[in-house]
Every structure is written in C-alpha cells, then in structure tokens.
Amino acid sequence: MILDTLGVGLLGTSTPVFNTVLQCSQRQQALENSKVWGRPGLSLPPHYAAFVNGVAVHSMDFDDTWHPATHPSGAVLPALLALAETLPVKPSGLELLLAFSVGIEVQGRLLRFSKEAHNIPKRFHPPAVVGIMGSAAATAKLLGLPAAQSIAALAIACSSAGAPMANAATQTKPLHMGNAARGGLEASQLALLGLEGNTQILDLESGFGAFYPDYVPYPLAEVTPTSHYSWVLEDQNIAQKRFPAHLGMHWVADAAIEARAKFLDKYPNADLSQIKKITLRVPSSKYVDCPLPLSEHQARHSFQFNCCTALLDGEVIVDSFSKSQMNRSALKEMLWKVRLENPQDNHSSFEKMYCEIAVETTQGETFTARCNTFYGHWRKPLSHEDLVRKFRANASTVLTADVVEGIIYTVDRLDTNQDCSMLWSYMHFNKHVMHRDERRYSALA
C-alpha cells in the first residue's frame, strides 16, 4: 500500500490540479517545512505539504480502494511523511508502519459501523469522511499523544470531515484527499497544543453518526498486553488499480477486453466499426454513468468511455485519458452505441457488483463476456511483481532509475529501518528539474 501510494503520488505531480493547489499553497510560510514530492528545493508548512501530496495521490484516481468503500492510503501516508520530517527525532520505519496501520484501522472500524458505507457512496466521498479521521489517528500515534489528546484529535478532525459526491468527476475531487491528509495532521497538532473536543464524538448521532444515518457503533474488544488484537486489514486485502480510473471501471474494462478477444478470435482482421450496439449491464450509479465525457476526470468516471477504450485498444492505460486519445473519432462514434442496463441483482457494492457486456455486430452476431472479479480486486490481488511493475512505471515518470530502486528497497525493508528519512528524501527528486538545472549551470559556466 505504501509503495503503490508513493508511485501514484509521483505520477500525480504532473497533473493540472496538483500544480494549481501547489501554486496556492506556496503562499503559506512557516518555521517548519516538509518536502513536496517531485519538486526539488521546494518545501511547505507540514499540513500544506500533506495537502498537496495528498492531492497528487488522488489526482488521477489511481490510488488504492478498500471495502467498505474508501481510498485508505492517500489520506494517511502524505500526512505521516510530512509530520515525520519535522520531528526532532526521526521515527523508525517500524514506528512509521505502526502509525500508518493505525490510520488504516480507524477508517476500517468506522466504516464497518454502517451498512450504507458498504455500498458505492451517494452523498459523501468516503476519504473526506473517514480519511481525515485516519489521518488524525495516524499522526496522533506518530506524535505519541496520550489517549485523551488522541480522542481530542479525532473530535477536532470530525469537525472538518465530509465532502459531497457532487464534486466527483471534477478537478475538486482530489482536494478531498488532500484536505483529509491536511485536516487530520492539523487536528493532531491542535490536540498537542491542548485544544479539546467532544470526547464522545464517535458514539453520537450528532457526532460522527451525522455522516451515516444507519451508523451504529459498538464496543471493540478490550486490548491487554496478553490479548491478541485482530486488525481489519488482516481480514481483507486492498484493491490496487491497473489504470487510473474509478474502481467500477475495472470490471467494465476486463469484460470488454474479453469480448474484444472473442470478436477478433473469430474475425482477426475485422473492423471494429462493424459493432452495431454495445450493452453494458452494471449497477445503477449516476456519477459513473457518463455517456459523453468532456474531461479526463469525467472519463475516469464513465462506464461508457472505459468500455469503448478497452474495446478499441484491448487495454486501458494512463495515456487513454489524454486529449488525443479522448478526441479520437472512432471512440466518439462508438460511445453513441453504448446502452446501460441495471439488473436488480447487480448491487452498487464493490464486494458484490459485476459487469456483463454484449457486443452486437452489423452481421447480427453477439459476443458476450462477464467480469465478476477484476485482476487487482481484493479477491484477486495484484501479484507482488505486478505491483512493483506498476510502481516503477509511475515513479519513473518523475524519478531516475536508481532513485526508483532506492524507494523499492527502502519500503521493502521499512520494518527494520531505524531511520526512514531517506524515504521522503527520495520523493523530493525530479529527473526533469535536475536536468534543467544542469543545463542552466552549464550555460552560466
């Protein structure tokens, strides 16, 4: 999870939304500063570094997903690295891992107190609800706050939680992740200074329960020095995406690729313009039903776009969402042929949903496929080799090969590393900026 989050965060430093929030955040100044990923020589106050790096992680919707639905890592890791850099005694890798795990754990426990949270969200974007609580818990742990101040951090964070789903498929959605990272870190820092909140914030309908009408918290098992604590992360893996789009798009892409293979297996030289009609049977979810996306963010949240891209290209990749690929006439023509159906048994849940596709040709033939579990889902997780391959592909857009390998080596041995400061130092490099500086110095010489 840490390696994957660092990789998609580095890739995200090339996006317009990252550059916009970076420009805004550079107006802030402080005595303490933390590094901005992929920007050598540039630092910001810790909570603003957490903000812009959190935005980078979610800027392409390429970060991990959990069930009940949320993106767990992007709200926690940027906050932890920004905080760790400012601590007088740098934490060990094991301390960083424990704080990270605490941040993930709190999100998982809170989500499991609501049945509504198990479905694809309709009102609030989950990272803005539970992500900020995870960030507060993780940073409180890394700061070593006692119980009372840790509770205060959660109470303070809760008052900054929540963001509407209406901003999904826009440039504002990545800000939800950045705000969660920033707000959680800020809450812990305020608690450290003595600010207090409602100590029952997690138990009240008017507290955290405001976000889920069916929220029913229950006491967790008491932890003693001799008892075993069961972490929610031990019960379920994480979904890690093969391409940068909403998780539901991965079912669609895998089904479309299978249907394409059947079509081309029978007609190897066939023209895909022979496709007359495409039927997608998917869950009902308005914010990912986007027939004619006009922006890359809408395309990342479009059943239709990802279906047609997979049919035309046999894959969906980072470049699939570029302007040149989105403006292809063949793609635009195919988008008009897609029809959505919402079977009653196809639930809006990342645990239960499926995608069926039927491709009808002008010759009257139909090619079908169904995806129940895409590759990368927690039931069918990416292999370690493919996860590292994804990280290398993402990180190498910003970093040199030796720095990429340095991060892999450091993360792989994080539990035995006595000083994890090398991790955020690696994230500060940028091979393109370095090259420009070298040319400038050569010209001056």
Rounded to the nearest 0.5 Å, what separation is found between the [atom1] atom of [X] and the [atom2] atom of [Y]?
| X | Y | atom1 | atom2 | value |
| --- | --- | --- | --- | --- |
| Phe305 | Leu292 | CZ | CG | 11.5 Å |
| Lys35 | Leu423 | NZ | CG | 11.5 Å |
| Gln171 | His297 | CD | NE2 | 4.5 Å |
| Leu81 | Trp37 | CG | CH2 | 6.0 Å |
| Thr5 | Asp63 | OG1 | CG | 7.0 Å |
| Glu95 | Leu87 | CD | CG | 9.5 Å |

Do you know the tightest heavy-atom contact between [X] and [Y]?
| X | Y | answer |
| --- | --- | --- |
| Trp378 | Ala239 | CE3-CB, 3.5 Å |
| Thr139 | Ala79 | CG2-CB, 3.9 Å |
| Leu44 | Tyr48 | CD1-O, 3.9 Å |
| Val76 | Ala138 | CG1-CB, 3.7 Å |
| Ala181 | Ala50 | CB-O, 3.6 Å |

The single option from Val106, Thr65, Val130, Ile238 passing side chain to side chain contact (heavy atoms under 4.5 Å, CB included) against Pro72:
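Among Val106, Thr65, Val130, Ile238, the one meeting side chain to side chain contact (heavy atoms under 4.5 Å, CB included) with Pro72 is Ile238.
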Pick out which of Asn430, Thr13, Val52 makes a side chain to side chain contact (heavy atoms under 4.5 Å, CB included) with Val36.
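With Val36 as partner, side chain to side chain contact (heavy atoms under 4.5 Å, CB included) holds for just one option, Val52.
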[Y]/[X] salt bridge by N-O under 4.0 Å criterion:
| X | Y | value |
| --- | --- | --- |
| Arg389 | Glu385 | no |
| Asp386 | Arg242 | no |
| Glu351 | Arg379 | yes |

Is [X] atom [atom1] crowded by more than 12 heavy atoms from other residues, nucleotides or ligands, each under 6.0 Å away?
| X | atom1 | answer |
| --- | --- | --- |
| Gln236 | CD | yes |
| Lys141 | NZ | no |
| Glu405 | CD | yes |

Is the backbone of [Y] close enough, under 3.5 Å, to the side chain of [X] for a donor and an acceptor to pair up by distance?
| X | Y | result |
| --- | --- | --- |
| Lys122 | Lys286 | no |
| Thr279 | Arg339 | no |
| Arg370 | Ala255 | no |
| Ser59 | Ala56 | yes |
| Glu341 | Arg281 | no |
| Asn179 | Leu175 | yes |
| Asn346 | Asn342 | no |
| His118 | Ser114 | yes |
| Asn417 | Arg413 | no |
| Trp251 | Asn372 | yes |

Do the ring centers of [X] and [Y] come within less than 6.0 Å of each other?
| X | Y | answer |
| --- | --- | --- |
| His250 | Phe243 | yes |
| Phe113 | Tyr212 | no |
| His71 | His176 | no |

Quick one: are [X] and [Y] in side-chain contact, heavy atoms under 4.5 Å?
| X | Y | answer |
| --- | --- | --- |
| Cys420 | Leu414 | yes |
| Gln304 | Leu340 | yes |
| Cys307 | Val252 | yes |
| Asp345 | Tyr354 | yes |

Go through Asp61 and Lys241 one step at a time and tell me if the side-chain contact (heavy atoms from CB on, under 4.5 Å) criterion holds.
CA-CA 9 Å; Asp61 219 314; Lys241 302 176 180 178; 2.7 Å; yes
Derivation and outcome, side-chain contact (heavy atoms from CB on, under 4.5 Å), residues Leu6 and Met427
CA-CA 8 Å; Leu6 295 177; Met427 294 294 291; 3.7 Å; yes
Excluding sequence neighbours, so at least two apart, what forms side chain to side chain contact (heavy atoms under 4.5 Å, CB included) with Trp231?
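Trp231: side chain to side chain contact (heavy atoms under 4.5 Å, CB included) contacts with Leu98, Ser101, Val102, Glu105, Tyr229, Glu234.
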Which residues pass the side chain to side chain contact (heavy atoms under 4.5 Å, CB included) test with Thr224, not counting sequence neighbours?
Glu222, Thr226, Ser227
Just by distance, no angles: are the side chains of Asn33 and Glu85 close enough, under 3.5 Å, to form a donor-acceptor pair?
no
Going by the angle between their ring planes, with limits at 30° and 60°, are His301 and His246 parallel, tilted or perpendicular?
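His301 vs His246 ring planes: tilted.
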